[in-house]
Amino acid sequence: MKILYATTNQAKFSVMKRTVAPLDIQLIALNALDCLIPKVEECGSTPLENAQLKAKAYYQAFYMPVFSCDSGLYFDEVSDSEQPGVYVRRVQGRELNDEEMIQHYSSLAGRYGGSLTARYRNAICLILNEQAVYCSMDLSLATEPFLLVSQPHEKRVAGFPLDSLSKDMASGKYYYDLEGRELSSQALKQGFRQFFAKAMENVRE
């Protein structure tokens, strides 16, 4: 089945393509479409609301199976007023580039002693047709807790700036220094695979 992934972030597209590889799904990137891509206002207050807004907008624009993901970043130690939530890249109304994000979150961690306990809550909305709409923000789609620190690693991967500030909680090592570890955990990948597999099974029934 061909499904449009509503993102222009090539890094995210590549990760998701590998995630759904065992399933009968052919992903299409949003920027691979040879047409005008509508701008969607992400005004939801939660990752799930934003995922639904994007998926519905692109389904209405292209009338093909589409899904959208959104995520929010949450820290155990930070007050509600300072939680980035869905505004991970947006600070005081301005969209930050990768290096600006590293600087901002490095400074935030520094204000809390040099590290914060973090977790991404992920949400997904899949629209196969007007009757088959599936959404989830289940904990199976969330990342494991990790440390976000004030001192960045020298390595950078475009589209994933905060990976340079991320450390494994058990070992205290930067993710980039862990041998054989993918930043997208197997448990997280399995959560997304189960979501797609269940949705497609429901449609076949």
Side-chain angles (χ1 to χ4, degrees), residues 5-17 19 29-32 36-55 57-58 67-125 137 141-169 173-177 182-185 188 192:
Y5 181 13
T7 184
T8 56
N9 186 312
Q10 186 57 45
K12 290 181 179 179
F13 179 82
S14 297
V15 170
M16 187 62 73
K17 186 176 181 179
T19 298
L30 189 61
N31 52 6
L36 182 65
I37 307 299
K39 178 70 174 177
V40 180
E41 184 70 25
E42 298 180 33
C43 55
S45 60
T46 68
L48 185 57
E49 288 180 5
N50 278 339
Q52 291 170 325
L53 284 168
K54 289 185 287 185
Y58 291 120
F67 75 93
S68 177
C69 297
D70 202 71
S71 64
L73 179 61
Y74 300 90
F75 302 116
D76 288 355
E77 301 86 353
V78 173
S79 66
D80 289 346
S81 62
E82 286 190 297
Q83 291 286 0
V86 296
Y87 302 109
V88 180
R89 276 194 180 268
R90 214 175 307 163
V91 176
Q92 297 181 344
R94 191 171 73 86
E95 199 83 3
L96 303 184
N97 62 35
D98 283 4
E99 284 302 317
E100 288 172 334
M101 283 184 68
I102 291 172
Q103 293 172 14
H104 173 75
Y105 286 101
S106 172
S107 175
L108 180 62
R111 286 163 44 202
Y112 286 85
S115 68
L116 291 163
T117 306
R119 181 194 292 270
Y120 287 101
R121 292 292 307 274
N122 298 306
I124 184 170
C125 180
M137 196 172 159
L141 304 178
T143 66
E144 299 172 358
F146 63 95
L147 295 176
L148 190 136
V149 299
S150 58
Q151 183 62 42
H153 194 280
E154 61 183 14
K155 182 175 180 178
R156 301 288 189 273
V157 175
F160 293 95
L162 297 191
D163 286 348
S164 299
L165 297 174
S166 299
K167 284 187 175 183
D168 176 64
M169 291 195 70
K173 292 183 178 180
Y174 285 98
Y175 277 3
Y176 286 135
D177 292 335
E182 293 186 60
L183 298 184
S184 296
S185 70
L188 179 58
F192 277 101

J.: Could you grab the distance from atom CD of Glu77 to atom CD of Gln83, nearest 0.5 Å is fine?
T.: 9.0 Å

J.: Looking at Asp168 and Leu147, what are the two nearest heavy atoms and their distance?
T.: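 Closest heavy-atom pair between Asp168 and Leu147: O-CD1, 4.5 Å.
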
J.: Just how far is it from atom OG of Ser164 to atom CG of Leu148, taken to the nearest 0.5 Å?
T.: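 Interatomic distance, Ser164 OG to Leu148 CG, rounded to 0.5 Å: 10.0 Å.
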
J.: Do Lys54 and Thr7 have side-chain heavy atoms sitting under 4.5 Å apart?
T.: no

J.: What is the distance from atom CD of Glu42 to atom CG of Asp70, rounded to the nearest 0.5 Å?
T.: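 Glu42 atom CD to Asp70 atom CG measures 5.5 Å (nearest 0.5 Å).
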
J.: Take Cys43 and Leu53 through the test side-chain contact (heavy atoms from CB on, under 4.5 Å) and record every step on the way to the result.
T.: CA-CA 8 Å; Cys43 55; Leu53 284 168; 4.0 Å; yes

J.: Checking side chain to side chain contact (heavy atoms under 4.5 Å, CB included) between Tyr105 and each of Leu96, Val149, Leu165, Leu116, which is the one that passes?
T.: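 It is Leu165; the other options fail the test.
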
J.: Can you name the closest pair of heavy atoms from Asn31 and Thr8 and give their distance?
T.: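 Heavy atoms only, the tightest pair is ND2-O, 3.7 Å.
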
J.: Decide yes or no on side-chain contact (heavy atoms from CB on, under 4.5 Å) for Arg89 and Asp98, but give the supporting numbers first.
T.: CA-CA 9 Å; Arg89 276 194 180 268; Asp98 283 4; 2.5 Å; yes

J.: Can you list the residues that meet the ring-ring contact (aromatic ring centres under 6.0 Å, His included) rule with Phe13, with sequence neighbours excluded?
T.: none

J.: The criterion is ring-ring contact (aromatic ring centres under 6.0 Å, His included); which residues satisfy it with Tyr120, sequence neighbours excluded?
T.: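 ring-ring contact (aromatic ring centres under 6.0 Å, His included) check on Tyr120 returns Phe146.
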
J.: If I compare all heavy atoms of Glu144 with all of Arg119, which pair ends up nearest, and what's the gap?
T.: CA-NH1, 4.3 Å

J.: Without swapping roles, check the side chain of Ser107 against the backbone of Gln103 for a donor-acceptor pair under 3.5 Å.
T.: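 Judged by distance alone, no pair lies under 3.5 Å.
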
J.: For Asn97 and Glu99, work out which heavy atoms get closest and say how close.
T.: OD1-N, 3.2 Å

J.: Any chance CG of Asp76 has more than 12 other-residue heavy atoms, nucleotides or ligands included, within less than 6.0 Å?
T.: yes

J.: Measure across Val40 and Ala57 and return the closest heavy-atom pair with its distance rounded to 0.1 Å.
T.: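 Looking at all heavy atoms of both residues, the closest pair is CG2-CB, 3.6 Å.
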
J.: Using the rule given for side-chain contact (heavy atoms from CB on, under 4.5 Å), can you reason through Leu108 versus Glu82, listing the C-alpha separation, both sets of side-chain angles and the distance that settles it, and then say yes or no?
T.: CA-CA 9 Å; Leu108 180 62; Glu82 286 190 297; 4.3 Å; yes

J.: If you draw a 6.0 Å radius around CD in Glu154, do more than 12 non-hydrogen atoms from other residues or ligands fall strictly inside?
T.: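 Not more than 12 within 6.0 Å, no.
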
J.: Taking atom CD1 of Ile102 and atom OG of Ser150, what is their separation to the nearest 0.5 Å?
T.: 13.0 Å

J.: Quick one: CG on Asp163 to OH on Tyr174, what's the gap to the nearest 0.5 Å?
T.: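 Rounded to the nearest 0.5 Å, the CG-OH separation comes to 13.0 Å.
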
J.: Which residues pass the ring-ring contact (aromatic ring centres under 6.0 Å, His included) test with His104, not counting sequence neighbours?
T.: none

J.: Compare all side-chain heavy atoms of Tyr5 with those of Lys12 and state whether any distance is below 4.5 angstrom.
T.: yes

J.: Looking at CZ of Arg121 and OG of Ser71, how far apart are the two atoms once the value is rounded to the nearest 0.5 Å?
T.: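 These two atoms lie 11.5 Å from each other.
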
J.: Ignoring hydrogens, what is the shortest heavy-atom contact between Cys125 and Ala51? Give both atom names and the distance.
T.: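 Heavy atoms only, the tightest pair is CB-O, 3.6 Å.
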
